[in-house]
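Along the sequence shown, the residues carry numbers beginning at 1. We use all heavy atoms of the structure for the numbers below, so side chains are in, but hydrogens, waters and symmetry mates are not.
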Amino acid sequence: MCRFARNSYQKCVSYHISDIKSVIHYEKLFQPAYLIRYSMLNLKQDGNLINIPLFLADKTKELLKDKS
C-alpha cells in the first residue's frame with residue numbers, strides 16, 4: 001500500500017503509472033476485495049469487478065454495503 005510520506009508516495013505513484021497496465025495485473029498485485037470501475041455502463045458485478053455508472057458514483061459506499 002502507498003504511504004503518504006513524500007518519498008514513498010512518489011515511488012508508489014510512479015510504480016502505478018509505469019508498471020500497472022491493466023485491472024487484471026492490479027488485482028494480482030494487490031488482491032483487493034473489490035475492483036471498482038466508474039463508467040457510463042449499467043450497474044453490474046462480474047466476480048469482484050463492480051461496474052458503477054457515473055450517476056451513482058456518490059452512492060458507492062451504499063452499493064458496497066449491499067454487496068457484502
Side-chain angles (χ1 to χ4, degrees):
M1 285 288 162
C2 296
R3 297 194 189 276
F4 289 98
R6 182 175 285 166
N7 292 337
S8 61
Y9 180 74
Q10 289 173 347
K11 288 177 186 176
C12 182
V13 170
S14 64
Y15 176 76
H16 285 294
I17 293 169
S18 63
D19 295 336
I20 297 176
K21 305 287 186 211
S22 68
V23 172
I24 295 169
H25 189 72
Y26 181 89
E27 181 180 20
K28 287 179 184 176
L29 284 174
F30 299 104
Q31 302 162 350
Y34 297 109
L35 295 168
I36 300 171
R37 176 176 53 195
Y38 296 99
S39 71
M40 297 298 290
L41 301 174
N42 292 330
L43 180 63
K44 175 178 132 176
Q45 183 172 3
D46 184 22
N48 67 341
L49 176 63
I50 301 172
N51 189 75
I52 300 177
L54 291 172
F55 68 89
L56 290 176
D58 60 331
K59 305 288 185 191
T60 299
K61 286 184 181 179
E62 295 163 24
L63 292 168
L64 291 178
K65 284 181 190 174
D66 292 342
K67 301 290 181 194
S68 298

Let me have the donor-acceptor pairs involving side chains of residues 49-60, under 3.5 Å, with sequence neighbours excluded, atom names and distances please.
residue: Asn51; atom: OD1; partner: Arg37; partner atom: NE; Å: 3.0
residue: Asn51; atom: OD1; partner: Ser39; partner atom: OG; Å: 3.0
residue: Asn51; atom: ND2; partner: Ser39; partner atom: OG; Å: 3.4
residue: Asn51; atom: ND2; partner: Leu41; partner atom: O; Å: 3.4
residue: Asn51; atom: ND2; partner: Asn42; partner atom: O; Å: 2.9
residue: Thr60; atom: OG1; partner: Tyr38; partner atom: OH; Å: 2.9
residue: Thr60; atom: OG1; partner: Ala57; partner atom: O; Å: 2.6

Okay, side chain of Gln45, backbone of Gly47: is any donor-acceptor separation there less than 3.5 Å?
yes

Rounded at 0.5 Å granularity, tell me how far CZ in Phe30 sits from NE2 in His25.
8.0 Å

